[in-house]
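Below is one structure; the comments refer to it alone.
Lettering follows sequence order; numbering is per chain, from 1.
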Amino acid sequence: MMYYSRSTMMGVLGVCLLGLLLCLPNFMKAPAAKLPWRQIHLGLDLRGGSYLLLRLDRESLAADRLQSLEDQVKQALIAKDLGYRAFRKDAASRTLSFLPRDPGQEAQSLAALSALTGSGSDVTGKVDDGRVVLTLEAAALQQRAREAVTQSIEIVRRRIDGTGAVDPEITRQGDDRIVVELPGISDPEHIKRLLGTTAKMTFRLLANDTGGSIAPPGATMMEDVSTHAMLPVLDHVAVDGAALTNAAASIDQQTGEWAVTFSFNRAGARAFAETTSQNVGRRFAIVLDNKVIEAPVIRTPITGGNGQITGNFSAQTATDLAVMLRAGALPAPLAVIEQRSIGPSLGADSIRAGAISLGIGFLLVIVFMALFYGRFGLYANIALLANLVLMTAILSLFEATLTLPGMAGMLLTLGMAVDANILINERIREEVGRGRTPLAAMQTGFQKASSTIIDSNATAFLAHVMLFVFGTGPVRGFALTITIGIVTTLFTTMLLSRLLMVRWYALTRPTELPV
Amino acid sequence: MLSRPLLRFVREDKHIPFMRGRYAGLATSAILSLLSVVLFFVPGLKLGLDFQGGIVVEAQTKGPADFDKLRHALTAHGISTAGLQKFGGDDDVLIQLDTPASGPDQEQATQSLVDTVRHAVVEAQPGTQVLRADAVGASVSSELFRNGLLALGLSLAMILVYIWIRFEWEFAVSAVITLVLDLTKTVGFLAITRFQFDLVMVAAILTILGYSTNDKVVVYDRVRENLRKYRTMPLRELLDRSINETLNRTLGTSSTVFLAALPLAIFGGHSLSGFATVMLFGIVVGTSSSIFIAAPLLLLIGEKRLRRNGGQSA
C-alpha cells in the first residue's frame, strides 16, 4: 500500500496526461487534420433544436397486407372457378374472411388457397361458422413492421437531408419507433409536415362514368385537392410513383405557376407512354396519398418519360413534394407522438447556468476539503481536478452527448468523489489516534478504507447502471455521467491521491501526519 | 502553507449515545413517512409533462407579456383551456395544455396543438420568441411513467441484493426499510413543495437513494468490522461506537455533496433548481436516517441474532 513501482507511477501520471490531451479538442475551434479528433456533443437541451419521436402505423401496414391478400385470394378462387361474397377485413385482429358463393364449399375454398396458407407463409386459414377466415401471423407482421421501420429511416433521412438540416440524427427505437433529432431547428413544424406525409404517388385513369357521386365498380371516389370535387379514380394503378427517378420544383413556362417536373425510369416511361397513347381524351389522375392532385385530360401521348404536375403549388409545397418524391414513399404513415424543441437562447442560458453551478460547486468543495483535511485535502483536490479532466476525456472519447442533467451528474460526482478521500483521511486519523507510527497509520488507513470504498462505490455503480439501462431521455444522460464518474473517482482516489500522499511521505519522512 | 486541518466536525474523544434516542428517531421517521403517504394521496403529486402528457410552450414576448391579448388569440384559435402563467421576467410566458380528449386522432391532435399555440402567440404579440415547445402524447407519457417506476424498483432491488450478498440479511432488510422511509419522505416533500414530478425528479430520487445507500454501507461496514473486533460488546454499544467512529466521515461527505448541489439549486435555472432542491432535502434525510433509522433498525432486528452468533457474522 505504501509502495509504488516506477512503472505504476508512470502509468498513473500517463493516464492523467492522456486525459488532459483528450480534453483539448473540446476547447478548440478548428479540428486538427489527421488526428483522432473526438469531442463531446452538446445535447439538444444545451444547443437548441428539436426531438421528434415517430411511430409507424402498424394497423395501416396490416391493412395494406390484407388488401394484397384479398387480391391474391380472389385470383386463386377465380382460377379454381369458385365463387365468393361478403369479404370482410379487420386490421386490428389481422383477419380477412369471406363466404363461399355456395354454402358447403368452405373446405374446397380453403383447399384452393393452400398456396397462400401453406407452411412457411405468414397466413393461417380455417373455417369458422360458415366463413373462411384467414389470419396474418402476428410475428410475421412484427417482422414486417421492423423492416418497414428500417426502410422508413432511410426515407426519413433522405427527406430531412432534402431540407438542408445540419447533422440530423435518425435512430430506431424499439420495434416501431423512430427518433429524429434536429440540432439547430427549434421550430420543427415544416419537418413534421414533411414526415407526416406518406407521399405514395400513383398515376391512374378516371372511370368513364364521372357523373354520379357513387363510385362505379373497380373505382374509388377521391377528393381533388384544388377543386374539392369528388372524382371516381380507378383502383388499377397505371404507373406507380416508385418508377420515378427524379423530381424537381420548377416554374411552368406558360402559366408562370409553380410545378413539379419528374422523370420515369425505363419501365415507368414505357407504361406511361402505353397508357397515355391508348387513352387520349380521357382524364388521367395523379394521386398522392389517396387525394387527387390534378386530373388533366390526355391530349397527346407522352412518350418521353418526363412529366409535370401543376396543382396549385406554392414554392414551398412544390419543393416539399419534389423532396418527398425523390426520397420515395414511406411504407406506412408515421405519426409524431412526442416532440420537444428548445430555442437557441434557452440552450445558451442552460449552458451558462450549468457552467456557473459547476464552477461554484467545485470551488466550494475545494475550499471545504482544504479547511477540513489540510495537506491531504489539497491532494484530494488535485485528484478532484484530475477527476474532472478524466470524466471530460472519457465523454469525449465516446463522443457522448452532454445534456443539462448530465452536467448535474458531473457536479454530484464531484461532491461524492471526495468521499473516498475523506474515508482514507478519517481512517489514517483514527490509526494515529491509536498510537501508530505515521507509516503504519497510512498503511492501515489505506488498507481498511479500501474495502469500504469498494463497497460504497459498487452499490452506487449498480444503481446507476440500472438507471442508464432502463431510464429514458434526461435520466440516461444523468446516469451516464455518474457511471463514468464512479470509475474515474475510483482511479483518481485509489491511485492518484494515494500516490501523492505516499510520495510526500517518502520525500519528507515526517514524524507526524497532518491529519 | 496549509498543512493541518483547520476545522473539524466532532472531536474524537466525544462519544454521543445515539442509540438512546432510537425510539424517538424511529417514531419521528414513522410519523413523517405516514404524513408523506397521506400527502401523496391528498393533494398528491403534481405530475409534469413527461408523465401527464399534454403540451408546454415557453415564450418570450417582445416587451411585457399581454395576457389578455394572448388568451384572446388562443381562444380565437379554438384553444380555451390553456393555462397561462408568468415565470421569470415580465416577458416570460408559460402556456400549458392537457392532452385533448381521447379519440382516434388524439396523438395527432396533441402534436398539432403545439403549432397552433406557436402561431397564436406570434399573432398576438409579433416578435415573440418561442423558447421551448414540448408535446407528449398520452401513450408516451404512460410509458415513461411505467419506465420511471421500473427503474426505481429495479435500483432498489439491486441495492437489496448487493447488501444481502456483502452483509447479513439483517443489514439488507434494515437498509431497504430505511430507504423506503427516505423515499416516502422525499415524495411527501415533492407533494408539499408542488415541484413537478417528471423524469428528472425520478433521477433525483434515484440519486438520493444511491447516496443514502452509500452512507448506510459505510456505517454498516464499520459495524461489521467492530462485530469481529469486539466479540463480547453488546450490539447497542457497538452500534453507538460505530456511528461515532464514522461520524466525521458521514458529516464530511454529506457536506461536500450538499455544497456541490447547492449552487445548482440557486443558479441552475428553473429546469434544474427543483431537481437540486430535492437533492438537498434528500441529502439531509439520507444522512440523518443512517444514524437515527438504519442503525436502530439493525439493533431491533439483529440484537439477538447478530450477537448470539458472535464472531460468526461477516
Chain A shares the most heavy-atom pairs under 4.5 Å, among S141(B), S139(B), A203(B), with A203(B)

Shortest non-hydrogen pair, I454(A) vs Y162(B), comes out as O-OH, 4.3 Å

### Message
Just so I know, are the side chains of R132(B) and S341(A) near enough to count as touching, which here means a heavy-atom distance under 4.5 Å?
### Response
no

Heavy atoms of E430(A) and E245(B) approach each other most closely as OE2-O, 3.6 Å

- Message: Could you check, using the six-membered ring where one of them is a Trp, whether F478(A) and F275(B) have ring centers closer than 6.0 angstrom?
- Response: yes

Greatest number of non-hydrogen atom pairs under 4.5 angstrom with chain A, of E58(B), Q129(B), R222(B), falls to R222(B)

Max heavy-atom pairs within cutoff under 4.5 Å with chain B, candidates L52(A), L404(A), L414(A), goes to L404(A)

Are the side chains of L412(A) and M279(B) in contact, using a 4.5 Å heavy-atom criterion?
yes

Okay, D134(B) and chain A: the region with an atom under 4.5 Å from a heavy atom over there is both

Problem set entry | salt_bridge(E426(A), R8(B)) N-O dist < 4.0 Å | yes

Notebook entry, point to check: Do F368(A) and L7(B) touch side chain to side chain, with heavy atoms closer than 4.5 Å?
Noted result: no

Checked V365(A), I453(A), L462(A), V336(A) vs chain B; the most non-hydrogen pairs under 4.5 Å come from V336(A)

Nearest heavy-atom approach of P5(B) to P514(A) is CD-O, 3.5 Å

Residue from G252(B), A151(B), A138(B), A157(B) scoring the most non-hydrogen pairs under 4.5 Å with chain A is G252(B)

Closest non-hydrogen atoms of D419(A) and N214(B), given as atom of the first, atom of the second and distance, are OD2-ND2, 3.6 Å

Most heavy-atom pairs under 4.5 Å with chain B, out of M369(A), R427(A), R177(A), belong to R427(A)

Considering only heavy atoms from C-beta outward, does the side chain of R375(A) approach that of R4(B) to under 4.5 Å?
no

Check the pair N248(B) / F372(A) against side chain to side chain contact (heavy atoms under 4.5 Å, CB included), numbers first and verdict last. CA-CA 10 Å; N248(B) 269 308; F372(A) 278 72; over 6 Å; no

ask   = Going by heavy atoms in the side chains, are E189(A) and S112(B) under 4.5 Å from each other?
value = no

Max heavy-atom pairs within cutoff under 4.5 Å with chain A, candidates V114(B), V200(B), L49(B), goes to V114(B)

What one should report as the nearest heavy-atom pair of L272(B) and A408(A) is CD1-CB, 4.2 Å

- Any chance you could lay out the side chain to side chain contact (heavy atoms under 4.5 Å, CB included) test for R224(B) and D455(A), step after step, and finish with the verdict? CA-CA 13 Å; R224(B) 182 171 58 179; D455(A) 265 339; 3.3 Å; yes

Practice item. Compare all side-chain heavy atoms of S186(A) with those of V130(B) and state whether any distance is below 4.5 angstrom. Key: no

- Heavy-atom side-chain proximity of T207(B) to H464(A) below 4.5 angstrom: yes

Heavy-atom neighbours of K62(B) NZ exceed 12 at 6.0 Å: no

Nearest heavy-atom contact between S456(A) and V217(B) is N-CG1, 3.9 Å

Could you tell me whether the side chain of V418(A) reaches within less than 4.5 Å of the side chain of T253(B), counting heavy atoms only?
-> no

Between D221(B) and K448(A), is the closest basic N to carboxylate O distance under 4.0 Å?
no

*Counting only N and O atoms by type, is there a donor-acceptor contact under 3.5 Å from the side chain of Q111(B) to the main-chain atoms of I337(A)?*
yes

Exercise. Spell out, as yes or no, whether a donor-acceptor pair under 3.5 Å connects the side chain of K192(A) to the backbone of D115(B).
Key: no

